[in-house]
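Remarks on the structure that follows.
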Amino acid sequence: MAKQYNPNLVEKSWYAWWEQKGFFVADSKSSKPPFVIVLPPPNVTGALHIGHGLTAAIQDTIIRWRRMSGYNTLWVPGMDHAGIATQVVVEKKLMRESKLTRHDIGREKFVSEVWKWKTEYGSTILNQERRLGVSLDWSRECFTMDDPRSKAVTEAFVRLYKENLIKRDYRLVNWDCVLRTAISDIEVDYKDIKERTLINVPGYKDPVEFGVLTSFAYPLEGGSDEIVVATTRVETMLGDIAIAVHPKDARYTKFHGKFAIHPFNGRKLPIICDDILVKMEFGTGAVKITPAHDPNDFEFGNRYRKRYNLEFINIFTDDGKINSHGGSNFEGMPRFKARVAVIETLKAKGLYRGDASNEMVLGFCSRTQDVIEPMIKPQWFVDCTGMAKDALNAVFDEDNKKIEIIPKQYSAEWKRWLENIRDWCISRQLWWGHQIPAWYVTLEDDESKEFGVYDKNWVVGRNEEEAQVEANDKFAGKTIIQMVQDPDVLDTWFSSGLFPLSVLGWPDNTDDFKAFYPTSVLETGHDILFFWVARMVMLGMKLGGDVPFRKIYLHPMIRDAHGRKMSKSLGNVIDPLEVINGISLEGLHKRLEEGNLDPNELDVAKAGQKKDFPSGIAECGADALRFALVSYTAQSDRINLDIQRVVGYRQWCNKLWNAIRFAMSKLGDNYVPHACPVLSMPFSCRWILSVLNKAIDKTVSSLDSYEFSDAATAVYSWWQFQLCDIFIEVIKPYFNGDDPKFESERSDARDTLWICLDTGLRLLHPFMPFVTEELWQRLPKTSESWSNESIMITKYPSVEEEWTNEEIESEMGLVEAAVKSLRSLRSQLPPSERRPAYALCKSDQIAAIIRGRELEIRTLASVSSLEVLADNDARLAECGVEVVSQHLSVYLQLQGALNAEFELEKLVKKREEKRKQYESLKKKTSASGYKQKVPQNIQDDDVAKLDKLVRELALVEETNRNLESTIAEDR
């Protein structure tokens, strides 16, 4: 074995061998119980980031553990076409490289460019996942736009449409003027604007002011009077169609039935005074009825539209400019530049009446940061009401609970969202995605031949031939001029929502679907609980006949070491491969330069990298990265990732490496593992097996309850603090020479060492697959282990009842405490110097233990001898002292190095510490209601603790007096 652990050498070959051997492949015909996870498909927008690394680390830990525990494990890989995100990235690339837009090259060629992007970055993602060591079943790899998944998407749309759960309607949608598409409610980020605020908006050189209420006057017909209205979106007045007046406003009620005249286009606006403003709890005054610019205004305006047969005028183009309906003086102006122009024109006409700060809520697209423009558009919608109720009951119906959400805190969010669900807009005005399987039929007797004018003219089918049959039946006796498929595509979350179904072959009743649906657990970030998870549950229950998974585990979101969200523009996004392989600062800069950042963003990002990674990132390997990420999961809803913690686990891998090197040197070339009776083993061997049992129990129970950090801590603590720090050290005397008195102990130590390493590596394997495979392959094998080619198909450790020994553990606890105290005293000596040590015991039982464990204490504490003395022994006067417990103090011969004043100061501090503990506990037990409210077992524990503290205080006081006497005699 190499003297040093090298992650690159260890990790470079095992994965290909695992894959070639077929260890990852699930068998749909297996008699083993299934355990299935569907990997949340990463977007094909680029390389994976460290958040994907967290997902991979957690899920591979689960899958490897379940595989070793006897399950038929299936972990399905895939990628998501990510409609909006991918189209945006490719459009930026096209503009950067060719100065062309997608409209310049046309839909067909643009989609071809996106497929090229998918091919390039899809392979990058697959390489990253393999380097992380994930045991995915690559034989079942899929892509949301491959043929089987596209078939499932079409089938789902058709079925939901036929059940009247998908319908087309004119409704208010969240419109992104940069993307020129509708987006869903949950893709909108809302910000509270408290007062006048300047905000940078994409496409505008100067910041745009929001949080302003602008007042202006409409002259009445005949010019005899005016009516004043106020709005936060003054540019929308170009589309005003009426004015509503509150019936309690004496100023304006007299204008009911009259008309105001639009100052820019002469349009007559009816003035309406009725009860709608009262019912909607508007204050007194006049309100303009306008193209909706927020959902509340839409509801308000829609009531007037329906009651008075008004027709909204849309004044915006899809890219957020004023159209011809807005008037020729403003046509072509971007909406927020038109705002300034409208105000200037109102001032010029003498109609401007001032402005004031106004608190408001503003919606932004989570992807582009564009200000959302609510528009009335014809779109396809899914009626989610019934499906949402089923998804809610799946979590909360205690009599028929089908899904458990972990951590439980997110159940409340599940309930809040599903109880307030709205119809889901699934149309997207994009070119990349699943084209909607609906065709618009133009009939000969249609008054208007414009595409999409008549809602009744739509037909839906699995393909054009089926749609044609549907059209012929629906419009029998009429002449069909043409049928044109809807150019829009489906929301990416629609296809993603079908993923647990489609990856297993749905809508066909495949062997995989029968064997593996529902899946076992959905593991993902809590940020997409509603984007994706809830929709999978709704669609899975509706179309698959059952929930898509039994458990939902939501992991924290990764932030940088400063707690900031990871962002390309901040330069803090980390590629897992950069941590695995290591990278220089120059390499980090180069990666930024090859991205889509503009020059200003690039400078900021580089500065951020230089601050956080002045020397780049050290090579850590996949195992260290995985272990660090899993260990971090205890951090509530976010992880502040410090790369130095990963470096620490890489160093720990070296400790494992050295432990195996030590073991191999002690086992010898001809060692053959064999069963050995535990009861006849030396103390240290029985102890390490007992604490190994506890580590196994804690690890398995923590994995079973999805407490991954606790599981990782249990494994780490046993390896680090019990095996390496204690057991390997304490058995070294057995191997120093060939002393015949240790012959039996040497043999038992070899057997125990082999058991520990074999079991410990299997226990650790799901967390650190590469280094454990490398080290396990080097261990001598039993006849049973020879039958397993790889550690990943061995049996996961389980508790061995005969190993458990609480009495031995208690004794070792006393040994460790004594050693810790002696090491504290030794810190005053040169590291290589060994001195005699003594123990003062207050009970025969403690004295017997100390005498019986003299070798272990002497070895671990690095003292030359250990002797139990009476408290009046003169040798103690030349010693430093530490109080271990109420029954034990240890002394170290420090003649020539003893600082009595220092020792006395330590004892005084210890006395004050114990006194504070006693007073605090005494106050607790004396509090009003303590005996009535506190359970009896806790009261008993508190009494025992008080008694222990009293004894410890007495021992400290006695030691203190003895030392004071020694100091006085020296003087």
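Keep in mind it's a predicted model, so treat the numbers as computed, not measured.
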Just by modelled atom types, is the Gly83 backbone N or O under 3.5 Å from a matching donor or acceptor in the Thr492 side chain?
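Yes, because the side chain of Thr492 sits within donor-acceptor range (under 3.5 Å) of the backbone of Gly83.
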Without hydrogens or angle criteria, can the side chains of [X] and [Y] be said to hold a donor-acceptor pair below 3.5 Å?
{"X": "Asp488", "Y": "Ser427", "value": "no"}
{"X": "Trp431", "Y": "Gln87", "value": "no"}
{"X": "Ser496", "Y": "Asp80", "value": "yes"}
{"X": "Thr144", "Y": "His81", "value": "yes"}
{"X": "Thr510", "Y": "Asp512", "value": "no"}
{"X": "Arg67", "Y": "Ser135", "value": "yes"}

Thr368 vs Asp176, side-chain hydrogen bond (donor to acceptor under 3.5 Å, both in side chains): CA-CA, chis, key distance, verdict:
CA-CA 8 Å; Thr368 64; Asp176 185 306; 2.6 Å; yes
Does a salt bridge link [X] with [Y], judged by any charged N lying under 4.0 Å from a carboxylate O?
{"X": "Arg102", "Y": "Glu113", "answer": "no"}
{"X": "Asp60", "Y": "Arg64", "answer": "yes"}
{"X": "Asp546", "Y": "Lys542", "answer": "no"}

Qualifying residue for side-chain contact (heavy atoms from CB on, under 4.5 Å) with Val503, from Val36, Leu39, Val76, Leu74:
Val76
In a check of side-chain contact (heavy atoms from CB on, under 4.5 Å) between Val459 and each of Gln468, Glu466, Glu470, which one passes?
Glu470
I would like to know whether Arg171 and Asp423 meet salt bridge (Lys or Arg N to Asp or Glu O under 4.0 Å); could you show each step before the answer?
CA-CA 10 Å; Arg171 296 193 195 174; Asp423 287 356; 2.7 Å; yes
Please test Glu373 against Asn174 for side-chain hydrogen bond (donor to acceptor under 3.5 Å, both in side chains), starting from the C-alpha separation and ending with a verdict.
CA-CA 6 Å; Glu373 188 63 57; Asn174 301 302; over 6 Å; no
Quick one: pull up CG in Leu418 and CG in Leu529 and give me the separation to the nearest 0.5 Å.
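Between atom CG of Leu418 and atom CG of Leu529 there are 8.5 Å.
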From CA spacing to verdict: side chain to side chain contact (heavy atoms under 4.5 Å, CB included), Val153, Leu490:
CA-CA 9 Å; Val153 168; Leu490 288 165; 3.5 Å; yes
Among Gln429, Arg168, Arg428, Lys167, side chain to side chain donor-acceptor pair (under 3.5 Å) partner for Gln379
Gln429
When you look at Asp383 and Trp424, which way does the side-chain hydrogen bond (donor to acceptor under 3.5 Å, both in side chains) test go after all the steps?
CA-CA 7 Å; Asp383 181 351; Trp424 173 15; over 6 Å; no
Candidate pair Phe157 and Trp380, rule ring-ring contact (aromatic ring centres under 6.0 Å, His included), full reasoning:
CA-CA 10 Å; Phe157 187 96; Trp380 295 97; 5.7 Å; yes
Under 4.5 Å between any side-chain heavy atoms of Phe516 and Asn72, yes or no?
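Of all side-chain heavy-atom pairs linking Asn72 with Phe516, at least one is under 4.5 Å.
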Are Asp637 and Pro556 packed together at the side-chain level, in the sense that at least one heavy-atom pair is separated by less than 4.5 angstrom?
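No, every pair of side-chain atoms sits at 4.5 Å or beyond.
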Sole candidate of Phe451, Trp439, Tyr161, Phe475 that passes ring pair (Phe, Tyr, Trp, His ring centres under 6.0 Å) when paired with Trp458:
Phe451
Applying salt bridge (Lys or Arg N to Asp or Glu O under 4.0 Å) to Glu155 and Lys151, what does each step give before you reach the verdict?
CA-CA 6 Å; Glu155 182 67 25; Lys151 174 185 175 182; over 6 Å; no
Lys/Arg cation over aromatic Tyr706: Lys551, 6.0 Å, 45° cone:
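The answer is no, since Lys551 fails at least one limit relative to Tyr706.
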Please lay out, stage by stage, how Arg180 and Asp318 fare under the test salt bridge (Lys or Arg N to Asp or Glu O under 4.0 Å).
CA-CA 5 Å; Arg180 304 189 199 183; Asp318 286 352; over 6 Å; no
